Amino acid sequence: MPLNRREFAKQSAATGAGLALTGAVGALATAPEALAAEEGETYGAGFPLGYGPLVDDPEGVLALPAGFSYRVLTHSGVTTLESGEFTPQKHDGTATFEGRRGVTLLVNNHELKGPRSRWKHPVPLTEGLVYDPAASGGCTVVEVHRDGTVAEWVGIAGTSTNCAGGRTPWGTWLTCEENSDRAGENGMTEDHGYVFEVDPYDRRANRDPKPIKAFGRYDHEAVVIDPKRGHAYLTEDADEPNGLFFRWVPPQGFEHGRGRLRTLADDAGRLQAPRCIDSAGRFVDDLSRATRIGTVYGVDWVDVPDRDARTVEVRAQFADHEVTRARKLEGMWWADSGAYIVSSYAREESPGAAHDGQVWFYDPKRRTLTLKVLLGVASGYDGPDNITVSPYGGLVIAEDGEGVQHLFGATDRGRTYPIARNDLNGSEFAGVVFSPDGDTLYACIQEPGLLLAITGPWRRQPRR
């Protein structure tokens, strides 16, 4: 049912225009004029903000606050898989899972595009786990044992440009192809631009990979699952025209669970794109129109005509007045009964105001999008990409911007603070996620391909 102006106004009033929020994150607000935390800054009743200044790493890899340390778990071309082959290149989106006997399991994407000849260390073509033998990407599963030993094996191979994805409520990983080459293009032998499910617990479940075509074929970035309603929310990293934020509604009677998504018909359920309205009932063509923290848009959903993009790319199937777009829709995270969604930046390709990053929160109950984080141009950090909700409050954000790259936190009050700095090179951070027990923060440096485990005196960050 469409969301009319009166209904939207009631919902906005009920949430205090989106500012009175609850949950792990609350009202995050990194406004353009907000400053990063200064050394020794306190918050509220004398609580310290963040973890203090970053200390240069004598090894020249990762600067961290005093008392923190890191360990390299996998390194492309250096560490090896169970098969004896090298860890693949281009580490990206990652999720953690609680294994048996204290083992932590991680599924790690490898964002490798194009034919295998382009890369020195593509994802190995493990028998039974290959979708397209011409493609370079895929996922590895990393096992971190209590005694510190690490094992790594292939979860899926022969996919393309595995960028981000999402953890499911039933304990699997959905890996997203950020490339929609057709068979015959760039040396590919299968169509790409799909989502695949990877089970870190059951290797047999990953055999004979099958794309989840019901989720559509486009340049996928990330996905989350609403555990209550069963809807999937997906982002598209694209431009010309700008990308879309999608909702997939399962068919009536469908029940999620391990291996269930691969049983879906190619046209199962409904794939939909958003149409946003502001509090005055006016259509919003692009999320870059929002310039104030707390901006709330109502969301209607419009069915995608041809989700497999047989002749026209999905985002190009809509006229600009029909749907709401955004530039570089990136990482997502499900928490607080909704989806946190990143738009990395906006420049001349977007009709609204330029920015260096936004984080939105979609509330499926109220059908609203609320702007929670806004990074102004040259505000200190830029290009947010992968995100996670911290068990210690607020968000932890991986930077993929210009210049020096950071992991940084955003508090409820709107202050940002540093957690780590890439001292090795200018490569992006990716795959930021906490261990199931909250003791370890995992993150990747995409080049040269490092998976890092960060530990230290984590503490709850102030909320108000």
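If you're wondering where the values come from, they're calculated on a predicted model, not measured in any experiment.
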Legend entry - Side chain Arg270, main chain Trp248, donor-acceptor under 3.5 Å: no

Legend entry - Distance-only donor-acceptor check, side chains Tyr345 and Arg327, under 3.5 Å: yes

Legend entry - Side-chain H-bond candidate by donor/acceptor type, Ser160 with Glu177, under 3.5 Å: no

Inset, instruction - For Glu152 and Thr87, test the side chains for any donor-to-acceptor distance below 3.5 angstrom and give the result as yes or no. - result: yes

Inset, instruction - May I ask you to decide if Gly171's main-chain N or O and Thr168's side chain share a donor-acceptor pair within less than 3.5 Å? - result: yes

Inset, instruction - Answer yes or no: are there more than 12 heavy-atom neighbours, outside Glu82 itself, under 6.0 Å from its atom CD? - result: yes

Inset, instruction - Report the relative orientation of the aromatic rings in Tyr51 and Tyr417; use parallel for angles under 30°, tilted for 30 to 60°, perpendicular for over 60°. - result: perpendicular

Legend entry - Distance-only donor-acceptor check, side chains Thr140 and His110, under 3.5 Å: yes

Inset, instruction - Check Pro384 against Leu375 and note the closest heavy-atom contact, atom names and distance. - result: CD-CD1, 3.9 Å

Legend entry - Ring centers of Trp173, Phe97 separated by less than 6.0 Å: no

Inset, instruction - Verify the distance criterion only: is there a donor paired with an acceptor across the side chains of Trp333 and Asn386 at less than 3.5 Å? - result: no

Inset, instruction - Kindly indicate, with the supporting measurements, whether the criterion salt bridge (Lys or Arg N to Asp or Glu O under 4.0 Å) is fulfilled by Lys120 and Glu85. - result: CA-CA 12 Å; Lys120 186 175 183 180; Glu85 296 156 295; over 6 Å; no

Legend entry - Test of ring centre spacing under 6.0 Å for Phe246 and Phe215: no

Inset, instruction - Tell me yes or no: between the side chains of Asn425 and Glu447, is some donor less than 3.5 Å from an acceptor? - result: no

Legend entry - Shortest non-hydrogen separation from Asn109 to Cys176 and the atoms involved: ND2-N, 4.5 Å

Legend entry - SB check Arg260 Glu255 (cutoff 4.0 Å): no

Legend entry - Which atom of Val61 lies closest to which atom of Ile445, heavy atoms considered: O-CD1, 4.4 Å

Legend entry - Ring geometry between Phe361 and Tyr340 (parallel below 30°, tilted from 30 to 60°, perpendicular above 60°): tilted

Inset, instruction - Classify the ring geometry between Trp170 and His256 as parallel (under 30°), tilted (30 to 60°) or perpendicular (over 60°). - result: parallel

Legend entry - Salt-bridge criterion met for Arg204 and Asp202 (N-O under 4.0 Å): yes

Legend entry - Those residues that, when tested against Trp334, pass ring-ring contact (aromatic ring centres under 6.0 Å, His included) (two or more places apart): none

Inset, instruction - May I ask you to decide whether Lys228 forms a salt bridge with Asp226, counting only side-chain N to carboxylate O separations under 4.0 Å? - result: no

Inset, instruction - Give me the one residue out of Glu190, His192, Glu185 that meets side-chain contact (heavy atoms from CB on, under 4.5 Å) with Met188. - result: His192

Legend entry - Side-chain H-bond candidate by donor/acceptor type, Asn206 with Asp199, under 3.5 Å: no

Legend entry - Pair Tyr194, Asp308: side-chain N/O donor-acceptor within cut-off below 3.5 Å: yes

Legend entry - Ser350 and Asn242: side chain donor to acceptor below 3.5 Å: yes

Inset, instruction - Give a yes-or-no answer on whether the side chains of Ser76 and His91 include a donor-acceptor pair shorter than 3.5 Å. - result: no

Legend entry - Pair Arg325 + Glu240, salt bridge at N-O below 4.0 Å: no

Legend entry - Option from Lys365, Arg366, Arg367 for which salt bridge (charged side-chain N to carboxylate O under 4.0 Å, His left out) with Asp363 holds: Arg366

Legend entry - Pairing of Arg347 and Glu349 as salt bridge, 4.0 angstrom limit: no

Inset, instruction - Could you check Asn162 against Glu111 for side chain to side chain donor-acceptor pair (under 3.5 Å), going step by step and ending with a plain yes or no? - result: CA-CA 4 Å; Asn162 298 70; Glu111 192 185 18; over 6 Å; no

Legend entry - Test item: His220 side-chain N/O and Gly216 main-chain N/O as donor-acceptor pair under 3.5 Å: yes

Inset, instruction - Tell me whether the centres of the aromatic rings in Phe245 and Trp301 are closer together than 6.0 Å. - result: yes

Inset, instruction - Would you check if there is a donor-acceptor pair between the side chains of Glu399 and His406 at a distance under 3.5 Å? - result: yes

Legend entry - Polar contact flag, side-chain donor to acceptor under 3.5 angstrom, Tyr70-Asp57: yes

Legend entry - Smallest separation among heavy atoms of Val141 and Gly155, with atom names: CG2-CA, 4.2 Å

